[in-house]
Asks: 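Below you will find the structure I want to go over with you.
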Amino acid sequence: MMDMRRIRDNPEEIQALLAKKGVVVDLTRIIDQDQERRRLLTDMEQLKAERNRVSLEVAHKKKAGENADALVEEMRGVGDRISGFEARLREVDAALQEEMMAIPNPPLKDVPDGATAEDNVEVRRWGMVPTFSFEPKPHWELGEALGVLDFERARKIAGARFTVFAGVGAEMARALVNFMLDHNRRRGYTEMAPPYLANRESLVGTGQLPKFADDVFRVVPHEYYLIPTAEVPLTNLHRDEILNEKDLPIRYTGYTASFRAEAGAAGRDTRGIIRQHQFDKVELVQFTKPEDSADALSAMVEDAEDVLEQLGLPYRTVLLCGGDMGFTQEKTFDLEVWMPSYGRYVEISSVSLFGDFQARRARIRYRRETSKKTELVHTLNGSALAIGRTFAAILENFQEAQGRVVVPAVLQPYLDGRTRLG
RNA sequence: GGAGGGGUAGCGUAAUUGGUAACGCAGCGGUCUUGAAAACCGCCGCCCUAAAAAGGCUUGCAGGUUCGAGUCCUGUCCCCUCCGCCA
């Protein structure tokens with residue numbers, strides 16, 4: 001959620017920034033609502049002040065054995081007026097809240113203009129795109145032939161867009177998780193293993209709800225949601241908390257499964273394991289002071305990039321243009337791994353800065369040592385990395401003519417020294 | 001799931017028949033001291049405000065009764081103990 005004061009002070013600037021995300025909003029109504037809200041609030045508080053004062057007087061009189069009926073009678077009317085204000089305030093508040101919840105986080109000024117992924121700006125490219133002396137196979141064919149991916153049986157168990165990692169495949173998926181967690185831990189992140197189900201409040205906090213209810217799985221009849229990313233539980237670790245300045249930055253890494261309904265993506269990436277209802281991911285989450293968040297973003301991008309470099313996978317890093325960004329982000333870098341079957345780079349990590357947008361929704365603050373004031377923290381997160389897509393990239397990039405696959409050196413210790421699949 | 005007990009500031013505890021949240025510890029600042037400790041004084045929940053004053057809010061959460069609710073009523077969440085079930 002945005003800072004209302006920011007909207008009040010610079011509506012034109014906000015509107016221009018939101019336009020970068022392709023969002024057109026009329027802020028004048030919100031500004032009017034906010035004005036109305038604050039007017040009601042001050043009027044009501046004045047009445048409450050009167051009530052508090054007179055009630056105390058009643059108490060004194062009664063204690064002294066005097067009659068206070070006149071005052072009580074007078075306050076009865078005040079009480080009714082307060083109730084009236086409260087009711088109206090509730091309405092205005094709810095309406096304003098709903099509007100505010102629906103406004104995306106405006107991108108930072110240095111986010112490039114553009115409408116689609118075509119307009120993203122490549123900032124870095126690493127590694128050699130492999131060339132093959134034979135016809136390379138897509139990962140779904142390699143995986144089935146090697147017996148490490150079983151789509152058929154996953155369909156029987158759950159349905160489309162699910163995969164069974166079988167045998168050595170399961171081992172390698174787990175090796176990837178362990179490798180990434182160890183990697184991130186060595187770079188200063190504390191490992192956390194959170195719940196995979198979260199309540200409504202948590203999803204509102206990170207921004208998935210109320211607007212994107214169609215994208216997440218809800219566990220009926222309970223008010224639980226399957227987490228669409230570890231960002232939800234890891235960020236909500238500190239919801240409704242006031243952190244100590246000296247504890248910042250706080251850095252977490254965690255492995256979880258992630259669940260996405262992908263309601264709008266029917267027909268895209270239907271083959272293979274690129275787009276699944278359930279996938280594994282190792283996530284990075286960070287809480288920083290506002291002045292530190294920009295540097296933290298760059299560092300987090302490097303942390304994720306290093307995972308790919310350790311694995312030897314060719315990738316490029318792009319700065320997303322406004323039109324390709326999500327609802328909650330104010331700046332996002334995507335890491336895209338080379339995927340031979342696609343003949344292009346495919347997103348394997350997304351590293352984002354959220355400013356105080358999530359912190360305001362989730363009430364995550366810290367106390368400044370100097371001023372003793374509470375301020376909202378900045379939150380960031382990024383994948384390091386998506387396990388399924390990494391798995392697919394390894395199969396495709398490191399395949400050999402006979403259909404065998406070379407295991408990256410850094411994974412071999414996690415696989416009893418195994419050098420190849422197949 | 002059932003029965004009972006309990007949620008008050010970071011922690012531990014108070015609060016006459018309903019009368020407007022108190023105390024200790026910890027923490028912060030200060031006095032004193034060569035330094036430290038002790039002692040003493042002050043601060044020590046949140047919001048609103050550029051800030052302060054003033055004001056409002058705050059006893060898990062949401063409602064209700066009342067001039068006034070930590071206290072009474074309803075709903076709900078969480079924790080503890082026991083029973084049941086269970087990886």
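Worth saying up front: this structure is predicted, and the values here are computed from it rather than measured. By convention in this document, chain letters (A, B, ...) are assigned in the order of the sequence lines, proteins followed by strands, and residues within each chain are numbered from 1.
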Asks: If the test is side-chain hydrogen bond (donor to acceptor under 3.5 Å, both in side chains), which one of A/E336, A/R124, A/E309 qualifies with A/Y315?
Replies: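 Exactly one pass, corresponding to A/E309.
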Asks: Using a 4.0 Å heavy-atom cut-off across all strands, classify A/R368 as base, sugar-phosphate, or nothing.
Replies: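 Nothing, no nucleic acid heavy atom in range.
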Asks: Using Watson-Crick or G-U wobble geometry with both distances under 3.5 Å, which nucleotide pairs with B/A39?
Replies: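 WC or wobble partner is B/U31.
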Asks: By nearest nucleotide on RNA chain B, pick out whichever of A/R76 and A/R90 is the more 5' one.
Replies: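 It is A/R90, whose closest nucleotide lies nearer the 5' terminus.
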Asks: When you compare B/U74 with B/A3, how far apart are their P atoms, in angstrom units rounded to a whole number?
Replies: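 It comes out at 16 Å once rounded to the nearest Å.
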Asks: Please check the phosphate of B/C57 (OP1 and OP2 only) for any side-chain N or O of A/N52 closer than 4.0 Å.
Replies: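 Yes.
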Asks: Can you label the angle between the A/F179 ring and the A/Y414 ring as parallel, tilted or perpendicular, going by 30° and 60°?
Replies: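 Perpendicular: the ring planes of A/F179 and A/Y414 meet at over 60°.
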Asks: How many whole angstroms separate atom CE of A/M4 from atom P of B/C48?
Replies: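 After rounding, the reported distance stands at 13 Å.
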Asks: Starting at CG of A/D240 and ending at C1' of B/G60, how long is that distance when rounded to a whole Å?
Replies: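 So the two atoms are 12 Å apart, to the nearest Å.
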Asks: Using the side-chain heavy atoms of A/T374, tell me which of these nucleotides is nearest: B/G56, B/C47, B/U20.
Replies: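 Selected nucleotide (nearest to the side chain): B/C47.
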Asks: Does anything in residues 225-240 of chain A form a salt bridge (Lys or Arg N to Asp or Glu O under 4.0 Å)? List the pairs, not counting sequence neighbours.
Replies: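 Qualifying pairs: A/D240-A/R363.
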Asks: Is the shortest distance from a Lys or Arg side-chain nitrogen in A/R76 or A/D80 to a carboxylate oxygen in the other one below 4.0 Å?
Replies: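 Salt bridge absent between A/R76 and A/D80.
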Asks: Separation of A/M75 atom CE from B/A69 atom P, in whole Å?
Replies: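 My rounded result for the distance is 14 Å.
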Asks: Compare the minimum distances between each of B/U49, B/C46, B/C57 and the side chain of A/K48, then state the nucleotide with the smallest one.
Replies: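 Out of B/U49, B/C46, B/C57, the nucleotide with an atom closest to A/K48's side chain is B/C57.
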Asks: Answer with yes or no after comparing the ring centroid distance for A/F165 and A/F391 against a 6.0 Å cut-off, counting only values under it.
Replies: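 Aromatic pair counts; centres sit under 6.0 Å.
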Asks: Go ahead and name the base partner of B/G24; Watson-Crick or wobble counts if both distances stay under 3.5 Å, otherwise write none.
Replies: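 Per the H-bond distance test, B/C11.
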Asks: Can you list, by residue number, the residues of residues 27-47 of chain A that have a non-hydrogen atom closer than 4.0 angstrom to RNA chain B?
Replies: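 Under 4.0 Å from RNA chain B: A/E45.
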Asks: Can you tell me the pairing partner of B/U81 across any strand shown, Watson-Crick or G-U wobble, with both distances under 3.5 angstrom?
Replies: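 Pair assignment: B/U81 / B/A3.
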Asks: For the pair made of CG in A/L89 and P in B/G63, what is the distance, rounded to whole Å?
Replies: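 Those two atoms, CG and P, are 12 Å apart.
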Asks: For a quick check of understanding: with a heavy-atom distance under 4.0 Å over all strands, which category does A/R367 fall into, base, sugar-phosphate or nothing?
Replies: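 It contacts sugar-phosphate atoms only.
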Asks: Just how far, in rounded Å, is P of B/C46 from CD of A/E241?
Replies: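 It is 14 Å, rounded to the nearest whole Å.
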Asks: Tell me whether A/R53 is salt-bridged to A/E74, with the criterion being a basic N under 4.0 Å from an acidic carboxylate O.
Replies: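 So A/R53 does not pair with A/E74 through a salt bridge.
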Asks: With heavy atoms under 4.0 Å as the rule, sort A/V58 into base, sugar-phosphate or nothing.
Replies: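 It contacts base atoms.
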Asks: In whole angstrom, what separates A/L56's CG from B/G19's C1'?
Replies: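 Distance check: A/L56 CG to B/G19 C1' gives 8 Å.
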Asks: Given atom CZ of A/R51 and atom P of B/C67, what is their separation to the nearest angstrom?
Replies: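 That distance rounds to 11 Å.
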Asks: 5'-most contact on RNA chain B: A/A59 or A/R53, nearest heavy atom basis?
Replies: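 First, find each residue's nearest nucleotide; the 5'-ward one identifies A/A59.
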